[in-house]
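For the numbers below, each heavy atom of this structure counts, side chains included, while hydrogens, waters and symmetry mates do not. Model, not experiment: these values are computed from the prediction. Counting starts at 1 for both ligands and their atoms, following the listed order.
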Amino acid sequence: MKHTNLFKLIFFFVCVITSGSVWAQRSEQLLEKGWRFTKGDVKGAETPGFDDSEWEAVTIPHDWAIFGPFDRSHDLQNVAVTQNFETEASVKTGRTGGLPYVGVGWYRTTFHAPAGKQITLMFDGAMSEARIYVNGKEIGFWPWGYNSFYFDVTPYVNKDGQANTLAVRLENRPQSSRWYPGAGLYRNVHVIATDDIHVPVWGTKLTTPHVSVDYASVKLLTTVANADNKDVRIVTEIVSPEGKIVAAKDNTRKITNGMSFEQNFLVNSPMLWSPESPSLYKAVSKVYADNRLVDEYTTRFGIRSLEFVADKGFFLNGKHRKFQGVCNHHDLGPLGAAINVSALRHQLILLKDMGCDAIRTGHTMPAPELVELCDEMGIMLMVESFDEWDIAKCENGYHRFFNEWAEKDIVNMVRHYRNNPSVVMWSIGNEVPTQWKPEGCKVAAFLQEICHREDSTRPVTCGMDQVLSVLDNGFAALLDVPGFNYRTHLYTEAYNRLPQNIVLGSETASTVSSRGVYKFPVVKRHTAMYDDHQSTGYDLEYCSWSNVPDEDFALADDYPWTIGQFVWTGFDYLGEPSPYDTDAWPSHSSLFGIIDLASLPKDRYYLYRSIWNKQSPTLYILPHWTWHGREGKNTPVFVYTSYPEAELFVNGKSYGRQCKLTVEESRALQGKDSLWLQRRYRLMWTDVVYEPGEVRVVAYDEAGKAVAEQTVRTAGKPHHIELSTPHHTLNADGKELAYVTLRIVDKDGNLCPTDGRLVNFRVKGAGTYRASANGDPTCLDLFHLPRMHVFNGMLTVILQAGEEAGTLELQATAKGVKSGSIRINVKPVK
Ligand code: GAL
């Protein structure tokens, strides 16, 4: 027996023993370590005796494509993107990130299954067209790479306690995606062992039919497998966020025809779930049959109410609010698609600080870890399923599977997440070409119906971009919540024509920008392209189908029937480098993000923050103030602030005070000032002339009192490397990450905002270097190698804790500047 197998066997016994009695009712094992992987198709790789010793040793989650190299030839697509109004095919480079995700990959490992138990294998997601083999037999296929799926493998496992061989074959076709999908077993794999009589995967359905501040009713439906005609007793305790048992029921009933077991509870003075107070309860159920305890199952939930009211909008717990949301693709930038909880947490902390309260999982099922974190941290979710139905957007896209798999995929998605309080809406699709045709209504109705059947508590939406068609053909009218992508000029018409009388901005803005890049003259325009393949940080550039953020702010402010928005996107992602989404290699990652691929906020972050974050003030100046050759030239200064008024000084000279304009004041400028709308949301001094020195802004509150100030200074010569992190302590779990921000600064600590030098990293001690990124959508430096160019003076290094406590140290060196180092404390896992 190999060491890894022995380790797994010991681990399995430990799990089982610590979870209660020997062979307790239920145990769960994550298959993380001890996998072997190879790229390419291999004959006989599923057979137990196959020699995989030459294959690469990997840990799951694993994304085989993120290690690159980047290349123009990877998944070169010759297509007409009809959603972007293209009528003729043209070459698209970098559309899926320029990474080698296409092809076949095999994974192999072994696992132990206790005798006499039901064994279920669960995959949180496998990219893609997964074929699963246990002990040489194919036990299942699941094509859609983003969905979770499971198989009962009881008949296939060894009954004598011997190790079982698990082999997984994955295949990604070329032209199967519009963004970087990742590749491989990029999400977790679980082995679940239960009694024959047990609560199956996603076997409870918990709803809260009545919610008020005084009391809530909680209804729990539990499915018990293999219990037909048996007397089943379920003892359920409802545990409050503080750990107190606040309600309990002990019921015994005969199960007939697979009926679920219903229990109802009353919770007095419930702590309601909301983004501001994400209170979580637990229903802990003990299931007895044949006079013995057969299962113990916990359902985590929140108590909250959702209402979508015609003309009035969206209400959470009876309180009106508008979604301040972002859309995100699933990749984690330099980590690729491989899921990591602390990377997700880092993203959510940044988004919450911006005032964001919702995420749309564009255009795929999320990782379960994301949904759990959103429950815990307070982010509402629109969980989306598909980018394609039965009509192709990509030659080898999901349409190949839709007719056979759509229902199974929606069922798994809804059953998986119907108890999660963060999930407030289901989305059955995004800009599906089917929306053009009347037959599209049938498909939409079919998918919506499945969601309703599986979960009657949440509304269903769909991101629609062909607004006039869907208003004409009934597609938009049949959805619970009509969601529109862009086309802000059609919102009022949609509101007037639709029976729902509400409008959701399911996808908004698609403003493009690069961190720290500023283009002159400063004008608002679409499809602006430059030799450096970047877009301006003045946040005035967008795509031909889209707009700048101010339009969406105004729609939220001016119309009660708009229920909010999901900005495209919160984070930059790999692939779709619009407006350089043509034959424009080396562009290969997006410019849409409010935050760049290195998780560094762009200027736009502060614009959204200034409007959305009502708790903590924002005062932010752009552009940087270190220009060579702009002396004497017009260099507008924008200030993103939550304060109503501010005064700008350049080297002590005032450029005057400005106030954010009211609706009427800004409308009065329409036709005279191209930035009339922006003047409601941004303070803009457009006549500033550049001279080295300092730009200072002093902000005033409503009473006219000076309350805050900010300064940006011209940087001197690059002097040293500055390292900082919010993650000073990590758990020694082998997974936790520290995001370290690296800045090239002058001797006084001012950022050198155009620096682009190469930095080398050395990591010592209790962990490893995991990846780095700089946010430049054209940069071909590989994330996993310990060197990276800074982009506009900054980059991010990601360190990973080891499994032993100690100190983790990063040293960063670069030519011409003093090196930097930072230490992180890695503490034992409790
Ligand atoms: C939308 C689409 C997104 C993304 C975006 C870019 O039309 O739904 O997936 O492509 O455009 O602006």
Using a cut-off of under 3.5 Å, which N/O atoms of ligand 1 pair up with protein N/O atoms, and what distance separates each pair?
residue, atom, partner, partner atom, Å
ligand 1, 7 (O), Glu431, OE1, 2.6
ligand 1, 7 (O), Glu431, OE2, 2.6
ligand 1, 8 (O), Asn430, OD1, 3.3
ligand 1, 8 (O), Asn430, ND2, 2.9
ligand 1, 8 (O), Glu431, OE1, 3.3
ligand 1, 8 (O), Glu431, OE2, 3.3
ligand 1, 8 (O), Glu507, OE1, 3.0
ligand 1, 8 (O), Glu507, OE2, 3.0
ligand 1, 9 (O), Arg178, NH2, 2.7
ligand 1, 9 (O), His363, NE2, 2.6
ligand 1, 10 (O), Arg178, NH1, 3.0
ligand 1, 10 (O), Glu576, OE1, 3.2
ligand 1, 10 (O), Glu576, OE2, 2.4
ligand 1, 11 (O), Glu507, OE2, 3.3
ligand 1, 12 (O), Ser510, OG, 2.6
ligand 1, 12 (O), Trp545, NE1, 2.9

>> Whether Asp353 and Arg609 form a salt bridge (side-chain N of Lys/Arg under 4.0 Å from carboxylate O of Asp/Glu) is what I want to check.
In response: yes
>> Whether Lys393 and Asp387 form a salt bridge (side-chain N of Lys/Arg under 4.0 Å from carboxylate O of Asp/Glu) is what I want to check.
In response: yes
> Is the cationic atom of Lys519 (NZ for Lys, CZ for Arg) positioned less than 6.0 Å from the six-membered ring centroid of Tyr530 and within 45 degrees of its normal?
Replying inline: yes
> How are the rings of Tyr101 and Tyr180 set relative to one another: parallel (under 30°), tilted (30 to 60°) or perpendicular (over 60°)?
Replying inline: perpendicular
>> Can you tell me how the ring of Tyr398 sits relative to the ring of Phe386, calling it parallel under 30°, perpendicular over 60° and tilted otherwise?
In response: parallel
Return a table of donor-acceptor pairs under 3.5 angstrom between the side chains of residues 586-598 and protein atoms on other chains or two or more places apart.
residue, atom, partner, partner atom, Å
Ser587, OG, His533, ND1, 2.9
Ser587, OG, Ala584, O, 3.4
His588, ND1, Pro586, O, 2.6
His588, ND1, Pro777, O, 3.2
His588, NE2, Cys779, O, 3.3
Ser590, OG, Asp572, OD1, 2.7
Ser590, OG, Tyr573, N, 3.0
Asp596, OD1, Ala598, N, 2.7
Asp596, OD1, Ser599, N, 3.2
Asp596, OD1, Leu600, N, 2.9
Asp596, OD2, Arg515, NE, 2.8

